[in-house]
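A quick write-up on the structure given underneath.
Numbering starts at 1 and runs along the sequence shown. Counting convention: from 1, in listed order, for ligands and their atoms alike.
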Amino acid sequence: MRDLNTELIHHPYTPPEGFAAPQPGVFKASTVIFPSVAAMRQREWKDKTGYTYGLHGTPTTYVLEERLCALEGGLQCLLLPSGLAAIANVAFALLKTGDEVLIPDNAYGPNKTLAEGELKAWGISHQLYDPMNPADLARKIGPKTKLVWLEAAGSVTLEFPDLPELVRICQRHHVTSALDNTWGAGLAFKPFDLAPASDRTLGVDISVHALTKYPSGGGDVLMGSVITRDEALHIRLKLSRMRLGFGVGINDVETILRALPSMALRYAAHDRSARALALWCQDQAEIVQVLHPALHDSPGHAHWQALCKNEEGGAAGLFSVLLDPKFTRDQVDAFCDALRLFKLGYSWGGPMSLVVPYDLDTMRTVWPSHLKQGHLLRFSTGLEAVADLQADLAQALAAALQ
Ligand SMILES: *Cc1c(COP(=O)(O)O)cnc(C)c1O
């Protein structure tokens, strides 16, 4: 008779095979058990038909990876512990000393910070390009350029670039293109199929997605993905992920699997509210400019219209405003503090509406000519009733900016 501790560990019960339920099973592992030394030696960690170690994947992470491929129209997917880790994984896999990366001037801030920090320290240079001027990108691509980042719409200021044209330029120069697809989320447009009618090959090489936002939908999980359609490129990215030891927690994977089925409905609801509030903001005297790609006079509106679904579900729940420069910074801060439903917080995609004041001067090389002077605020609409959100904006305007 073996000791109880041994019996508890080597218990004969195994869960049933044929158990079907709406959600997939949750499989956790750091260690994966092999039936024999021969099997251990034979199994290949890159091959998804088997399992070797928790960091390289479990049935649960493989299910999420497959579903994200379906969402974005990709063939291979890697999960990373955050959206920023996904961005870093792409940079670490594709860039070496002497190379250059091009980043749009309106990119997600920490992407630029990474270029100014680790990448620069490792002898990798970067240039910022004007995403609204494809000629500027074409001019800046040189022999050292090994990666071009794209974003549609741009972070915070939400300009919508001519994405197909930017990708065409990368293809013409044989430079890898990587889109931060967090805003489009695989729903507003298809990143690997940017010109379906005329050109089936026009798509980005890599789509990075902060699953922290809409796929999670809860404001409670951090995760990122890197999706490709090219096996060799995928393996390069996967080798870097393996060497860096980036892994994801299975409870977090489960949370995202739980939220994915409602993602398109939530995205459409966020979109509906954001458009209604953006339109309302256009009529407010305190606001000099409203930025939302579906608004006719928002920068890049025609590009948005050409690429994205124009009806509900074709835009994320974000809009930004420029408040009249006649207000002081203290007044603008007081406006943000006076909001009751819009909470002060970074990130977006969850049920709660959020607002962040930004200092554009510190974020851009030049103040873009398509933006009026003013105090920049970025709103993320949650899932509250839009009438309540509008009343909240109205009371805060009245309280702080009169
Ligand atoms: C939030 C965000 C990221 C980073 O995601 P984290 O999971 O917070 O690291 C990257 N890009 C964009 C556009 C984002 O909004």
Side-chain angles (χ1 to χ4, degrees), residues 64 68 72 77-92 101 103-115 117-118 128 131 147-161 163 177-189 191 204 206-227 241 244 246-249 252-253 255-256 259 263 266-267 270-271 274 291-293 300 304 308 315-320 345-350 352-356 358 363-364 376-382:
L64 180 56
L68 293 170
E72 298 204 35
C77 174
L78 293 170
L79 298 178
L80 281 303
S82 70
L84 184 53
I87 290 172
N89 195 99
V90 171
F92 296 167
V101 54
I103 301 173
D105 202 18
N106 59 358
Y108 175 66
N111 191 347
K112 293 190 198 176
T113 313
L114 176 68
E118 272 69 12
L128 303 174
L147 174 64
V148 172
W149 279 104
L150 306 158
E151 240 182 273
S155 271
V156 185
T157 39
L158 300 169
E159 300 94 343
F160 208 95
L163 189 61
S177 57
L179 171 73
D180 183 330
N181 195 30
T182 306
W183 183 93
L187 296 170
F189 62 91
V204 299
I206 297 171
S207 173
V208 165
H209 194 162
L211 309 177
T212 306
K213 309 290 165 52
Y214 293 112
S216 147
D220 54 356
V221 178
L222 289 156
M223 204 176 295
S225 60
V226 179
I227 295 183
R241 186 186 65 163
L244 291 162
F246 280 149
V248 292
D252 292 343
V253 173
T255 305
I256 293 185
M263 177 180 166
R266 288 184 280 106
Y267 191 84
H270 287 288
D271 178 10
L291 302 165
H292 183 302
W304 171 84
C308 295
L318 300 175
F319 67 97
S320 293
Y346 296 106
S347 199
W348 34 277
M352 194 178 276
S353 291
L354 300 169
V355 61
V356 184
Y358 282 98
M363 296 162 58
R364 292 296 188 87
L376 180 62
L377 301 178
R378 204 258 330 264
F379 293 95
S380 157
T381 55

Margin query: Enumerate the salt bridge (charged side-chain N to carboxylate O under 4.0 Å, His left out) contacts for residues 147-157, please, sequence neighbours excluded, ordered by first and then second residue.
Written below: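 Not a single pair qualifies under salt bridge (charged side-chain N to carboxylate O under 4.0 Å, His left out).
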
Which N/O atoms of ligand 1 sit under 3.5 Å from a protein N/O, and at what distances?
{"residue": "ligand 1", "atom": "7 (O)", "partner": "Gly83", "partner atom": "N", "Å": "2.7"}
{"residue": "ligand 1", "atom": "7 (O)", "partner": "Thr212", "partner atom": "OG1", "Å": "2.5"}
{"residue": "ligand 1", "atom": "9 (O)", "partner": "Gly83", "partner atom": "N", "Å": "3.2"}
{"residue": "ligand 1", "atom": "9 (O)", "partner": "Leu84", "partner atom": "N", "Å": "2.9"}
{"residue": "ligand 1", "atom": "11 (N)", "partner": "Asp180", "partner atom": "OD2", "Å": "2.6"}
{"residue": "ligand 1", "atom": "15 (O)", "partner": "Lys213", "partner atom": "NZ", "Å": "2.5"}

Checklist line | Centroid-centroid distance, Trp183 to Tyr108, less than 6.0 Å | finding: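 No; Tyr108 has its ring centre 6.0 Å or more from that of Trp183.
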
Margin query: Quick check for you: to the nearest 0.5 Å, what is the distance between Leu318 atom CG and Ser155 atom OG?
Written below: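 One finds 8.5 Å between CG of Leu318 and OG of Ser155.
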
Next item on the list: Using modelled atom types only, decide if a donor and an acceptor are shared between the side chain of Arg241 and the backbone of Leu80 within a distance under 3.5 Å.
Entry: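 Judged by distance alone, no pair lies under 3.5 Å.
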
Checklist line | With Thr157 via side-chain hydrogen bond (donor to acceptor under 3.5 Å, both in side chains) - residues at least two apart | finding: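 Result, side-chain hydrogen bond (donor to acceptor under 3.5 Å, both in side chains) vs Thr157: Glu159, Arg364.
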
Checklist line | Residue list, side-chain hydrogen bond (donor to acceptor under 3.5 Å, both in side chains) with Thr182, at least two apart or on another chain | finding: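 Result, side-chain hydrogen bond (donor to acceptor under 3.5 Å, both in side chains) vs Thr182: Asp180.
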
